[in-house]
K.L.:
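Structure provided below as structure tokens; questions to follow.
Chain identifiers are assigned alphabetically (A, B, ...) following the order of the sequence lines, protein sequences preceding nucleic acid strands; residue numbering begins at 1 within each chain.
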Protein chains: 2
Amino acid sequence: MDTLETRELRYFVAVAEELHFGRAAERLGMAQPPLTRAIQQLERRLGVRLLERDRRGVSLTGAGEMLLHEGRAALDATTAAARRTRRAGDADGPGGPRNRLVLAVKAGASHELLHKLLDAYAAEPDAAVVEVLPSGTCEQEGMLRDGRADVALMHAPFNSLTGFDSQELMTEGQIAILPASHPLAAQKTLTLADVSDIPDLPLARWARHGTYPPGPGPEIHDQTQLAQLIALGRTVAVFPDSARAWLWAEHTAVPLTDAPPVVTHIAWPAHSRSLALAGLIRTATRL
Amino acid sequence: MDTLETRELRYFVAVAEELHFGRAAERLGMAQPPLTRAIQQLERRLGVRLLERDRRGVSLTGAGEMLLHEGRAALDATTAAARRTRRAGDADGPGGPRNRLVLAVKAGASHELLHKLLDAYAAEPDAAVVEVLPSGTCEQEGMLRDGRADVALMHAPFNSLTGFDSQELMTEGQIAILPASHPLAAQKTLTLADVSDIPDLPLARWARHGTYPPGPGPEIHDQTQLAQLIALGRTVAVFPDSARAWLWAEHTAVPLTDAPPVVTHIAWPAHSRSLALAGLIRTATRL
DNA sequence: GGCCTGTGATACCCGGCGGGTATCACACGT
DNA sequence: ACGTGTGATACCCGCCGGGTATCACAGGCC
């Protein structure tokens with residue numbers, strides 16, 4: 001009567017994202033007519049119009065937008081339930097209850113802190129096996145939400161910590177990484193304004209959630225790619241201080257005086273009750 | 001293949017809570033055999049044993065406990081999606097987009113703050129209709145999670161704020177409420193130790209999540225009931241300062257010097273994106 | 001204006017599976 | 001030995017989710 005099935009949610013989210021029944025059906029690996037029928041049935045059961053279909057296109061009503069947001073959250077929660085249950089089953093299954101933890105880390109960030117954390121935790125008695133999962137830019141939130149990861153290292157203010165419990169680990173400044181040959185590389189310090197409009201050196205743009213912010217700079221999705229472009233004198237980038245670890249000889253790092261400090265947190269789903277996780281967090285706070 | 005249906009989650013949670021297929025089936029309004037089959041199928045699909053059935057009873061495996069926790073969260077998220085979507089539909093349906101907000105408040109707490117908040121918000125332009133939903137002791141968390149409420153007033157340290165965004169509104173001390181006739185009522189201040197072992201005046205016990213903490217005091221689930229028992233000289237209770245508003249003539253309030261301060265927060269689900277909610281929060285922070 | 005194209009909606013059929021009833025298998029009380 | 005209460009099995013049926021074919025309709029052509 002009033003209990004949404006996850007199948008219905010999956011269908012609706014697909015349609016709401018594509019805004020096109022045909023494409024949504026294809027994405028779902030099914031034909032279009034049953035999809036149409038399923039959405040109609042969903043609307044009847046909820047007693048609410050979710051989509052406005054005026055021939056040539058579909059758009060979301062207010063209720064539709066609500067269901068898109070809430071439905072995504074619900075779907076994430078159920079897939080998280082499935083994933084975490086499977087992993088828990090592996091643990092208490094064969095070979096004794098060897099717990100495992102999946103830690104999501106932005107690829108290539110803060111090696112040093114990560115190393116210290118993993119070493120310190122491994123020395124703990126009863127330490128679980130920590131699997132490090134490299135994640136794309138700002139993707140850790142989704143990974144925690146849908147159960148791909150149990151815990152993550154996040155960098156405020158880039159990551160949003162809303163909805164998670166977290167603990168502050170480290171604060172650092174930011175630096176501009178320039179070609180060593182560029183005149184500005186000789187400065188002792190710079191400001192954001194200095195680096196954001198250098199005529200011959202546009203700021204690189206990172207992909208966030210699959211799309212790129214507008215601007216003149218090159219589109220980047222790989223750190224080595226970026227490093228190369230900087231070395232070639234084609235772009236600048238702004239990074240937390242710990243990025244100095246991977247600088248090349250052709251790079252120069254210059255501190256930014258007015259960039260907001262970057263705070264590294266360890267974050268986890270608020271409702272977690274895992275002992276292994278608690279141990280890792282305890283270790284982290286003692287660093 | 002790997003996508004849990006909410007029906008399966010409902011079934012499993014019922015069995016895991018009852019630890020008995022027959023009772024669980026009854027609670028679900030179905031017969032026992034299909035329930036058994038559904039759980040078996042669920043275990044097969046997850047590739048994990050969830051229940052240990054040794055004749056005469058059922059118990060949870062580690063994976064089962066995981067699925068119980070995560071599954072509850074997922075079920076809450078889907079029922080929240082349904083409820084919020086229905087409400088959003090009512091709003092953008094007939095009579096113009098009149099938004100509504102449901103505010104969960106512990107029954108009978110902090111009248112004064114609540115009044116100020118509602119009055120101030122009602123004076124805002126484009127204020128939504130705020131529906132006040134009285135909730136049992138410490139039940140606000142569940143109400144936010146499953147969509148019965150959009151926002152809640154919570155009292156740390158009694159309510160757990162994990163998983164929600166929140167804003168501090170007010171801090172107050174705690175008082176002991178005694179029968180006016182009792183000798184201790186003459187004191188200017190008291191300590192927790194003073195009131196926790198008065199031989200003839202055991203501390204009242206409140207129901208939390210349906211169960212009562214152990215102890216000698218009377219079991220309470222209603223505020224007037226408690227007030228009456230105090231007036232009769234049968235018990236003491238500890239409350240935030242604002243409880244003075246409902247004291248009777250037969251009651252005396254004595255400040256507690258060592259009780260932790262009670263902090264009232266306004267809290268909401270971390271992923272909310274409602275404009276009306278944002279307005280209410282903005283108003284609250286200006287009080 | 002006729003026609004094609006692309007959209008979502010409808011009509012109809014079929015197979016699978018969710019659910020029910022009856023029964024079994026087994027461990028415990030007496 | 002037998003009754004009792006547990007979960008598991010066997011079997012059947014009706015519904016509903018999904019597929020194919022088709023419709024209805026609005027634009028954009030020439």
K.L.:
Is the closest side-chain heavy-atom distance between A/S160 and A/E141 below 4.5 Å?
P.N.:
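A/S160 reaches A/E141 side chain to side chain.
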K.L.:
C/dG8, C/dG18, D/dG7: which one has an atom nearest the side-chain heavy atoms of A/F21?
P.N.:
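So the side chain of A/F21 is nearest to C/dG8.
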K.L.:
When the distance from CZ of B/R53 to P of D/dA8 is rounded to whole Å, what number comes out?
P.N.:
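Computing the B/R53:CZ to D/dA8:P distance gives 5 Å.
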K.L.:
If we only count heavy atoms from C-beta on, is the B/H265 to B/L161 side-chain gap below 4.5 Å?
P.N.:
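Contact flag for B/H265/B/L161 side chains = yes.
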K.L.:
Just how far, in rounded Å, is P of D/dT4 from NE2 of B/H20?
P.N.:
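About 16 Å, once rounded to whole Å.
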K.L.:
What distance separates B/Q140 CD from B/F158 CZ, expressed to the nearest 0.5 Å?
P.N.:
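It is 12.0 Å, given to the nearest 0.5 Å.
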K.L.:
Report yes if the side chains of A/L51 and A/T61 come closer than 4.5 Å at any heavy-atom pair, otherwise no.
P.N.:
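SC-SC contact between A/L51 and A/T61 ruled out.
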K.L.:
Measure CD/B/Q40 against C1'/D/dG7 and give the value in whole Å, please.
P.N.:
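Result: 9 Å.
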K.L.:
Is B/T36 near enough to D/dG7 that one of its side-chain N or O atoms lies under 4.0 angstrom from OP1 or OP2?
P.N.:
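No, B/T36 has no side-chain N/O under 4.0 Å of OP1/OP2 on D/dG7.
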K.L.:
Could you tell me the separation between the CD1 atom of B/I39 and the C1' atom of D/dT9, rounded to a whole number of Å?
P.N.:
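That distance rounds to 17 Å.
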K.L.:
Just to be sure I understand the rule, does A/Q41 reach a base, reach only the sugar-phosphate, or reach nothing, if contact means heavy atoms closer than 4.0 Å?
P.N.:
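The answer is sugar-phosphate, as A/Q41 gets under 4.0 Å only of primed atoms, P, OP1 or OP2.
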K.L.:
When you compare the protein's N or O atoms with those of nucleotides 19-24 of chain C, which come within less than 3.5 Å of each other, and at what distance?
P.N.:
unit_1: C/dG19; atom_1: OP1; unit_2: B/Y11; atom_2: OH; d: 3.1
unit_1: C/dG19; atom_1: OP2; unit_2: B/Y11; atom_2: OH; d: 3.0
unit_1: C/dG19; atom_1: N7; unit_2: B/R37; atom_2: NH2; d: 2.3
unit_1: C/dG19; atom_1: O6; unit_2: B/R37; atom_2: NH1; d: 3.0
unit_1: C/dG20; atom_1: OP2; unit_2: B/A31; atom_2: N; d: 2.9

K.L.:
Specify the separation, in whole Å, of atom CD of A/E43 and atom P of C/dA9.
P.N.:
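Answer to the nearest Å: 9 Å.
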K.L.:
Once you round it to whole Å, what is the distance between P of D/dG18 and CZ of A/R10?
P.N.:
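It is 8 Å, rounded to the nearest whole Å.
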K.L.:
With rounding to the nearest 0.5 angstrom, report the CD to CG distance, B/E17 to B/L60.
P.N.:
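Here the rounded value is 10.0 Å.
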K.L.:
Quick check on side-chain contact (heavy atoms from CB on, under 4.5 Å): which of B/L280, B/V102, B/V105, B/V130 does B/V151 satisfy it with?
P.N.:
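Going through B/L280, B/V102, B/V105, B/V130 one by one, the side-chain contact (heavy atoms from CB on, under 4.5 Å) with B/V151 is satisfied by B/L280 alone.
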K.L.:
Measure from CD on A/E18 to P on C/dG8 and round the result to the nearest Å.
P.N.:
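Whole-Å distance recorded here is 11 Å.
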K.L.:
Distance check needed: D/dG7 C1' versus B/D54 CG, whole Å only.
P.N.:
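Distance, rounded to whole Å: 11 Å.
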K.L.:
Kindly indicate, with the supporting measurements, whether the criterion salt bridge (charged side-chain N to carboxylate O under 4.0 Å, His left out) is fulfilled by A/R100 and A/D150.
P.N.:
CA-CA 9 Å; A/R100 295 173 72 189; A/D150 300 307; over 6 Å; no
